[in-house]
Asker: 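Submitted below is the structure of interest, expressed as structure tokens.
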Number of protein chains: 2
Amino acid sequence: MMSPMSELRPRWLSEEERAAWLALLSTTTLLPGALEGPLQQAAKLSLFDYNVLAMLSEASSRTLPMSELAARTSASLSRLSHVVKKLQGRGLVERATHADDARVTAATITAVGAELIRDLAPLHVETVRGLVFDQLDRRDVADLARIGRKIVRGMDAGHWILRTPAP
Amino acid sequence: MMSPMSELRPRWLSEEERAAWLALLSTTTLLPGALEGPLQQAAKLSLFDYNVLAMLSEASSRTLPMSELAARTSASLSRLSHVVKKLQGRGLVERATHADDARVTAATITAVGAELIRDLAPLHVETVRGLVFDQLDRRDVADLARIGRKIVRGMDAGHWILRTPAP
DNA sequence: TATCTTTAGTTGTAGCTTCAAGTAAAAATC
DNA sequence: GATTTTTACTTGAAGCTACAACTAAAGATA
């Protein structure tokens, strides 16, 4: 389903597009590891582990169905299932079958897990600030939100982050 | 080395920062998989495999030292070494010890590898356009380049993409 | 109400990434 | 010129992710 080569849809990218593309690719390659380092050191948690726990700790009643948790962490159900199993083994979350619909598993953060996230949050916020927001001015932050949401929308028009209107 | 809580450096993020943060995190989580799908289907190549081969094919004499290739793909030498070994096993690259400095290994794309990338490039460009640039207007593209370069600069001030001046 | 389809999640496995440790050559220091 | 340090990788193993196949419950259809 490829369009033919034409001036309107050129084969490669313009100079501006290439600069943006390389910057985006480098960012997506480097940022996760840079964000994870401190979490790994402090608590042997991956960035994804942290996000799973953070999403649960922010949820009302500290519980979410696996599907909803997968949506909020942009993960497949398979990936999430493996990780929640691991976190359960560490005593940070629990799993329970939903009463009304036995297909649904609800994950709940434990007191230990909640305490861990509470203790880790300041460190993680500092990492995020240091790597991202300290590098950007106010206009950049607004632009980043706008652009990021557009890219996410292109991949998943119903993505969780789009439920909240743009600020 | 954490700063104390204060109004100047608040504990969590502002509403604008949170929107930008969630958009960035979702993008870095979803985009690599979305970019990789077509490459995986068409040629059993990961996105990183593709980038390695693409960087080699763009290099003069189709050869780069492992360190330079690692820099251009934002990868660790370890990661690159494993992947180049695999690609060598598939006949897509070759490795040779540098004559002047025996510590240096130079990776070279083979004719087969170069042909593969040439054939795959239009597909990949279409994927990149569809996922990224079709979602953005001209201003977004300029903003993305500017913001991405700032974030990369914060992680690695000497990063390869910064050698090229901003357009 | 029996069957079919869809939804929600789990599991096994292959392959990829990271980390720590190791090798060997070159450069620096003594 | 002998030792030490640094540079440029390579390697093995542990853990993570993606994919395909599977289970089981709920909803739809007949």
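Proteins get letters first, then strands, A, B, ... in listed order; numbering begins at 1 in each. Only this structure's heavy atoms are used, side chains among them; waters, hydrogens and symmetry mates stay out.
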Asker: Kindly compute the distance separating CE (M155(B)) from OG1 (T27(A)), expressed to the nearest 0.5 Å.
Answerer: 5.5 Å
Asker: What's the NE2-C1' distance between H98(A) and dA26(D), to the nearest Å?
Answerer: 13 Å
Asker: Which residues, if any, of residues 25-48 of chain A bring a heavy atom under 4.0 Å of DNA chain D?
Answerer: none
Asker: Can you say whether the rings of H124(B) and Y50(B) are parallel (under 30°), tilted (30 to 60°) or perpendicular (over 60°)?
Answerer: tilted
Asker: For a quick check of understanding: with a heavy-atom distance under 4.0 Å over all strands, which category does S67(B) fall into, base, sugar-phosphate or nothing?
Answerer: sugar-phosphate
Asker: Can you check whether H82(A) stacks with the dT11(C) base, using ring centres under 5.5 Å and planes within 30°?
Answerer: yes
Asker: Could you tell me if the side chain of L53(A) sits less than 4.5 Å from the side chain of L45(A), heavy atoms only?
Answerer: yes
Asker: Which pairs with one or both residues in residues 36-45 of chain A pass side-chain hydrogen bond (donor to acceptor under 3.5 Å, both in side chains), sequence neighbours excluded?
Answerer: E36(A)-Q40(A)
Asker: How long is the span from the NE2 atom in H82(A) to the CG atom in L87(A), to the nearest 0.5 Å?
Answerer: 13.0 Å
Asker: Looking at the side chain of L77(B), which of dA8(D), dT18(C), dA8(C) is the nearest nucleotide?
Answerer: dA8(D)
Asker: Taking any heavy-atom pair under 4.0 Å as a contact, classify R79(B): base, sugar-phosphate, or nothing.
Answerer: base
Asker: Please round to the nearest 0.5 Å and tell me the distance separating atom CZ of F48(A) and atom OG of S74(A).
Answerer: 8.5 Å
Asker: Kindly compute the distance separating CZ (F133(A)) from CG (L24(B)), expressed to the nearest 0.5 Å.
Answerer: 7.5 Å
Asker: Any idea which of dA18(D), dA8(C), dT11(D) is nearest the S81(B) side chain?
Answerer: dT11(D)
Asker: If you round to the nearest 0.5 Å, how far is CG of L80(A) from OG1 of T105(A)?
Answerer: 10.0 Å
Asker: Taking 4.0 angstrom as the limit, do R103(A) and D101(A) come out as a salt bridge?
Answerer: yes
Asker: Can you check the Y50(B) OH to dC16(C) P distance for me, whole Å?
Answerer: 18 Å
Asker: Please list residues of residues 100-107 of chain B whose heavy atoms come under 4.0 Å from any atom in DNA chain C, ordered by number; otherwise none.
Answerer: D100(B), D101(B), A102(B), R103(B)
Asker: Counting heavy atoms from C-beta on, name the nucleotide in dC16(C), dT18(C), dT10(C) closest to the side chain of K86(B).
Answerer: dC16(C)
Asker: Roughly, in whole Å, what's the span from CG in D49(A) to P in dC16(D)?
Answerer: 7 Å
Asker: Counting only distance, no hydrogens or angles, is the base of dC19(C) paired donor-acceptor with the side chain of S78(B) under 3.5 Å?
Answerer: yes
